[in-house]
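For reference, the structure is listed below as structure tokens.
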Amino acid sequence: MSAQSTAGQVIRCKAAVAWEAGKPLVIEEVEVAPPQAMEVRLKILFTSLCHTDVYFWEAKGQTPLFPRIFGHEAGGIVDSVGEGVTHLKPGDHVLPVFTGECGNCRHCKSKESNMCDLLRINTDRGVMLSDGKTRFSINGKPIYHFVGTSTFSEYTVAHVGSVAKINPAAPLDKVCILSCGISTGLGATLNVAKPTKGSTVAIFGLGAVGLAAAEGARIAGASRIIGVDLNPNRFEEAKKFGCTEFVNPKDHNKPVQEVLAEMTDGGVDRSVECTGNINTMISAFECVHDGWGVAVLVGVPNRDDAFKTRPVNFLNERTLKGTFFGNYKPRSDLPSVVEKYMNKELELEKFITHQVAFRDINKAFDYMLAGEGIRCIIRMDA
């Protein structure tokens with residue numbers, strides 16, 4: 001069906017539904033309601049699996065909200081728009097994003113923040129903001145949303161503020177991974193740490209986000225990019241992303257921050273922490289050089305964790321920062337990140353290690369749970 005013929009109508013399509021926590025997803029026929037005011041219905045062409053999907057699918061540390069449609073890294077086209085949507089039209093190529101940019105709150109109006117008051121990530125909410133209802137159902141039974149995107153469906157509905165319009169020439173099977181982790185790591189380095197050309201950068205944690213942070217350091221022209229990880233199997237892969245040296249904390253009988261300080265004549269210029277482990281966060285801060293060192297925290301710690309360091313580390317002019325989604329405003333900034341790829345400045349292909357058909361989506365979960373690969377692209381047409 002064309003976008004014109006579906007406007008205002010319920011669409012029946014395939015979706016991968018999580019009926020229970022930790023159980024394989026089931027491909028079902030679902031009904032997707034038309035978008036309401038300030039909403040957009042999207043046809044998803046490619047999606048990807050992120051650790052966040054797996055975490056909440058397993059229902060770790062949260063109240064389970066099932067049945068649910070997960071997914072938040074994706075690329076697609078606009079099917080139809082609701083009342084009040086003016087800057088998007090059917091056929092536009094877009095990336096749905098787990099956070100948003102309403103354009104009206106204090107955060108959106110600030111050049112220093114990307115944390116929208118209205119559309120900040122909410123993993124507990126499974127309904128749309130406008131009316132508190134879902135847009136998915138099966139035989140009248142509601143199916144809940146996930147972080148406002150739910151891209152494990154051939155069609156989905158999102159708030160217009162969580163949809164970034166991009167260059168239609170960009171290949172959606174590549175740029176779809178910019179919807180979450182890759183942009184987070186990249187922006188943590190380029191937008192927040194801001195290493196200068198020739199500087200030394202330490203990256204703690206060499207998963208997808210850490211490798212993206214290393215990619216940012218490579219783009220910035222860092223002369224030394226030191227990968228820090230407990231898994232030595234990641235070191236060879238990390239060379240593709242610019243890492244020049246590697247440190248495994250288990251190989252040393254002293255704190256890793258002391259090891260890095262000895263390697264770099266007093267400390268690295270910048271560090272980016274991508275694990276969420278509180279002790280690693282402390283190491284990332286204490287390994288930067290006094291006088292100018294900047295450490296950026298990206299990983300999400302446990303809620304009750306406390307950061308402990310000596311105040312003199314701050315008095316000696318080390319800086320500690322945190323970041324959310326790499327400080328990118330989704331609608332305003334993601335199009336320019338896509339252009340970095342189109343201009344061959346940013347290399348995305350090396351992040352994509354697997355591809356599966358939508359009907360085999362559970363294989364993507366198997367790859368991630370086994371620690372295999374970085375990103376798995378899920379083709380919705382197969």
Side-chain angles (χ1 to χ4, degrees), residues 181-277 279-299 309 313-314 316-323 326-327 340 344-348 350-351 374:
I182 307 307
S183 292
T184 296
L186 184 75
T189 302
L190 293 178
N191 298 337
V192 187
K194 298 180 180 179
T196 57
K197 187 174 183 179
S199 60
T200 301
V201 181
I203 308 294
F204 287 77
L206 298 176
V209 176
L211 293 175
E215 178 78 353
R218 181 193 67 79
I219 292 171
S223 61
R224 298 177 69 184
I225 304 173
I226 305 170
V228 183
D229 201 291
L230 296 172
N231 183 356
N233 294 329
R234 291 178 168 177
F235 292 167
E236 191 64 31
E237 183 79 21
K239 292 178 182 178
K240 301 177 184 177
F241 300 85
C243 284
T244 58
E245 302 159 68
F246 304 96
V247 173
N248 184 340
K250 292 189 296 186
D251 292 340
H252 302 273
N253 57 7
K254 64 179 67 175
V256 69
Q257 53 266 48
E258 294 182 14
V259 175
L260 290 168
E262 291 175 1
M263 290 173 59
T264 56
D265 191 24
V268 298
D269 301 307
R270 301 290 187 267
S271 71
V272 184
E273 193 286 327
C274 303
T275 73
N277 179 282
N279 292 319
T280 305
M281 291 181 167
I282 294 169
S283 296
F285 173 59
E286 294 183 350
C287 81
V288 300
H289 206 291
D290 59 2
W292 61 79
V294 177
V296 178
L297 306 185
V298 182
T309 190
N313 287 323
F314 292 98
N316 286 341
E317 299 188 8
R318 295 177 177 88
T319 300
L320 179 65
K321 295 184 174 183
T323 183
N327 205 35
K340 285 184 183 295
K344 303 186 184 306
E345 182 181 358
L346 168 63
E347 300 171 6
L348 291 180
K350 57 193 177 185
F351 289 96
I374 304 171

*Report yes if some heavy atom in the side chain of Leu190 is under 4.5 Å from a heavy atom in the side chain of Lys340; otherwise report no.*
yes
*asked:* To check you understand the geometry: which heavy-atom pair defines the closest contact between Ala295 and Ala284, and what is its length?
replied: CB-O, 3.6 Å
*In Å and rounded to the nearest 0.5 Å, what is the CG to NZ distance from Asp269 to Lys194?*
16.0 Å
*Between Arg224 and Val201, is a side-chain contact (heavy atoms from CB on, under 4.5 Å) present by the stated rule, with each step listed?*
CA-CA 6 Å; Arg224 298 177 69 184; Val201 181; over 6 Å; no
*Can you measure from CD (Glu245) to OG1 (Thr200) and round to the nearest 0.5 angstrom?*
8.0 Å
_A side-chain contact here means heavy atoms from C-beta on lying under 4.5 Å apart; do Leu206 and Asn231 qualify?_
no
*Show your reasoning for whether side-chain contact (heavy atoms from CB on, under 4.5 Å) applies to His252 and Val247.*
CA-CA 9 Å; His252 302 273; Val247 173; 4.0 Å; yes
*Would you call Lys254-Glu262 a salt bridge at under 4.0 Å N-O?*
yes
*For the side chain of Asn191 and the backbone of Gly326, is there at least one donor-acceptor N/O pair under 3.5 Å apart?*
yes
_Heavy-atom neighbours of Lys350 NZ exceed 12 at 6.0 Å_ = yes
_Nearest atoms (heavy-atom pairs only) where Gly322 meets Val192_ = O-CG1, 4.4 Å
*asked:* Looking at every non-hydrogen atom in both residues, tell me the closest pair between Ala212 and Gly181 and how far apart they are.
replied: CB-O, 4.3 Å
*With a 4.5 Å limit on heavy-atom distance, are the side chains of Leu348 and Ile182 in contact?*
yes
*Ile374 versus Phe241: any side-chain heavy-atom pair under 4.5 Å?*
yes
*So does Glu215 pair up with Arg218, basic N to acidic O under 4.0 Å?*
yes
*Could you grab the distance from atom CZ of Phe285 to atom CD of Gln257, nearest 0.5 Å is fine?*
11.0 Å
*Kindly indicate whether the side chain of Arg270, heavy atoms from C-beta on, has any atom under 4.5 Å from the side chain of Val288.*
no
*Report yes or no: do Glu273 and Thr275 form a side-chain donor-acceptor pair below 3.5 Å?*
yes
*Stepwise, does the side-chain contact (heavy atoms from CB on, under 4.5 Å) test hold for Trp292 with Thr319?*
CA-CA 7 Å; Trp292 61 79; Thr319 300; over 6 Å; no
_Donor-acceptor pair, side chain of Thr280 and main chain of Gly276, under 3.5 angstrom_ = no
*Taking the side chain as C-beta and beyond, is there a heavy-atom pair between Thr189 and Val296 under 4.5 Å?*
no
*Taking the side chain as every heavy atom from C-beta outward, state whether Leu186 and Thr184 have any pair of such atoms under 4.5 Å apart.*
no
*What are the two closest non-hydrogen atoms of Cys243 and Ala214, and how far apart are they?*
SG-CB, 4.0 Å
*Spatial distance of atom CZ (Phe204) from atom CG (Leu297) [nearest 0.5 Å]*: 10.5 Å
*If you measure only the distance, is there a donor-acceptor pair under 3.5 Å linking the side chains of Asn313 and Thr309?*
yes
*Rounded to the nearest 0.5 Å, what separation is found between the CD1 atom of Ile226 and the OG1 atom of Thr264?*
6.0 Å
*Going by heavy atoms in the side chains, are Val228 and Ile203 under 4.5 Å from each other?*
no
*Hey, could you give me the OG/CZ distance between Ser271 and Arg318, rounded to the nearest 0.5 Å?*
11.0 Å
*asked:* Is there a side-chain contact (heavy atoms from CB on, under 4.5 Å) between Lys321 and Val294? Walk through the geometry before answering.
replied: CA-CA 7 Å; Lys321 295 184 174 183; Val294 177; 4.3 Å; yes
